[in-house]
Amino acid sequence: MSEIVWPNLVKFIQDMVPERSGLLKELEMECQAEHIPMIQPQVGQFLLLLLSIHKPVRILEIGTAIGYSTLWFTQALQDTRGHITTIELDKDRYERACANFLRAGVAGRITPLLGDANELLPTLKGPYDFIFIDAAKGQYGEFFAKAWALLAPAGVIVMDNIFLNGWVIDMTWPHRRKKTMVVRVRDLLENITSHPDLLTSLIPLGDGLSVSIRRNAHEKS
Ligand SMILES: C[S@@+](CC[C@H](N)C(=O)[O-])C[C@H]1O[C@@H](n2cnc3c(N)ncnc32)[C@H](O)[C@@H]1O
């Protein structure tokens, strides 16, 4: 994203994110050292803001990794009955996330699920008030369709990394095997920004976020 968004602006926004708690800071360093993907802190701050406004009771996350983003979400649940269900495919990451939730003292507010979201999503009982999609980018279309079926009438769906390092913007890919993923994400963005049932905004924060709600949600809820 540094070529798309002015690098000084990115650094300025990052520097303005308040210092994170001990465990979040520790996980940032772990993710960096072990190349484990995680949301950027400025994305965490934005999602915390969104959750604090929206006050969801039921949150669903697709792509836990070691629980960094989930722990950001728990900060918005302190004065609510909120609960998070989060799905991770990789067993080692799932176990590390479970340990991190225990360490943070929030395990009771989280249901971590191990498995493929494509298989697990149809088994879940909605509705969810807030759904965050942050797993395999080439499958975002399937995740979005399955998440949509679980979304509460006034629910919000957010997807992370929608610009795919900017490849989605100028339709380039560093290697031929990335082409399908880039084309799929671009098609999905065109679909969700033009679909009559959806109201979507694309936000150039981190590697890009999409925020979608049902159109006329207030009339349907
Ligand atoms: C970008 S990371 C998630 C980062 C996490 N949200 C955070 O910010 O801390 C994506 C995760 O999705 C997991 N994943 C990929 N495909 C998946 C699938 N089909 N079902 C569930 N998890 C999947 C990967 O193993 C990886 O840990």
Side-chain angles (χ1 to χ4, degrees), residues 1 14 17 20-21 23-51 56 59-77 84-101 103-104 106-107 109-124 128 130-147 149-150 156-165 167-168 177-178 180-181 184-185 188 203 205-211:
M1 281 298 285
Q14 277 171 345
V17 178
R20 271 76 66 203
S21 72
L23 183 55
L24 278 180
K25 200 78 204 152
E26 211 181 289
L27 295 190
E28 285 171 19
M29 287 187 287
E30 258 178 69
C31 286
Q32 194 176 11
E34 299 178 46
H35 304 290
I36 296 169
M38 55 163 231
I39 53 167
Q40 294 185 26
Q42 66 272 32
V43 171
Q45 181 75 7
F46 176 74
L47 295 176
L48 175 56
L49 174 73
L50 206 57
L51 293 175
I59 298 175
L60 174 64
E61 177 179 54
I62 304 169
T64 324
I66 60 171
Y68 178 75
S69 50
T70 326
L71 290 177
W72 266 99
F73 300 162
T74 59
Q75 296 177 74
L77 301 186
I84 306 169
T85 298
T86 181
I87 306 174
E88 175 54 51
L89 182 62
D90 181 278
K91 189 162 184 288
D92 177 59
R93 288 182 183 174
Y94 161 84
E95 283 169 359
R96 287 171 68 174
C98 293
N100 288 328
F101 300 152
R103 275 185 71 194
V106 292
R109 311 295 300 267
I110 302 170
T111 302
L113 299 176
L114 173 64
D116 184 339
N118 274 310
E119 289 165 17
L120 289 174
L121 288 171
T123 71
L124 297 180
Y128 290 92
F130 183 89
I131 302 180
F132 181 57
I133 302 176
D134 188 21
K137 313 306 164 198
Q139 296 173 47
Y140 265 22
E142 286 98 316
F143 294 149
F144 192 93
K146 288 172 183 166
L150 293 167
V156 180
I157 299 189
V158 176
M159 293 191 287
D160 192 27
N161 302 108
I162 52 152
F163 296 147
L164 296 177
N165 304 303
W167 305 328
V168 160
R177 68 190 148 79
K178 301 265 187 211
T180 308
M181 173 181 73
R184 283 184 182 171
V185 172
L188 176 64
I203 300 172
L205 200 60
D207 192 21
L209 291 171
S210 67
V211 182

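Start at 1 and go down the list; that is how both ligands and their atoms are numbered. The shown structure was predicted, so the numbers you read here are calculated from the model rather than taken from an experiment.
Some N or O of Gly63 is nearer than 3.5 Å to an N or O of ligand 1, by distance alone. The N/O atoms of Asn161, backbone and side chain alike, include none that comes under 3.5 Å of an N/O atom in ligand 1. Taking only nitrogen or oxygen atoms, main chain and side chain alike, Glu88 reaches within less than 3.5 Å of ligand 1. Residue Ala117 places at least one N or O, backbone or side chain, under 3.5 Å from an N or O of ligand 1. At least one N/O-N/O distance between Asp116 and ligand 1 falls below 3.5 Å. An N or O contact shorter than 3.5 Å links Leu89 to ligand 1 by distance. Between Asp134 and ligand 1, a contact under 3.5 Å exists for at least one N or O pair.
The closest approach between any non-hydrogen atom of Gly44 and ligand 1 is not below 4.0 Å. Using a 4.0 angstrom heavy-atom cutoff, Asp160 does not count as in contact with ligand 1.
Leu120 and Leu113 get closest at one heavy-atom pair: CD1-CB, 4.0 Å.
Set against the non-hydrogen atoms of Glu61, the atoms of ligand 1 under 4.0 Å away are 6 (N).
Ala135 CB, 3.7 Å is the protein heavy atom nearest to atom 14 (N) of ligand 1. Protein heavy atom closest to atom 15 (C) of ligand 1, with residue, atom name and distance, is Ala136 N, 3.6 Å. Ranking protein heavy atoms by distance to atom 8 (O) of ligand 1, first place goes to Ile39 N, 2.7 Å. When only non-hydrogen protein atoms are considered, atom 26 (C) of ligand 1 lies nearest to Arg93 NH1, 3.3 Å.
Counting heavy atoms from C-beta outward, Leu47 and Trp72 have side chains that stay 4.5 Å or more apart. Side-chain contact between Trp167 and Met181 is present, with at least one heavy-atom pair separated by less than 4.5 Å.
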* May I have the step-by-step check of salt bridge (charged side-chain N to carboxylate O under 4.0 Å, His left out) for Glu26 and Arg103, ending in yes or no? => CA-CA 12 Å; Glu26 211 181 289; Arg103 275 185 71 194; 2.9 Å; yes
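In this model, a donor atom of one side chain and an acceptor atom of the other lie less than 3.5 Å apart for Glu61 and Thr86.
Using a 4.0 Å cut-off between heavy atoms, Thr70 makes no contact with ligand 1 at all. When non-hydrogen atoms are compared, ligand 1 lies under 4.0 Å from the side chain of Phe143 (C-beta onward) but not from its backbone.
Between atom 9 (O) of ligand 1 and the options Pro37, Ser69, Cys31, the minimum heavy-atom separation is to Ser69.
Counting non-hydrogen atoms of other residues, nucleotides and ligands closer than 6.0 Å to CD of Glu34 gives a total above 12.
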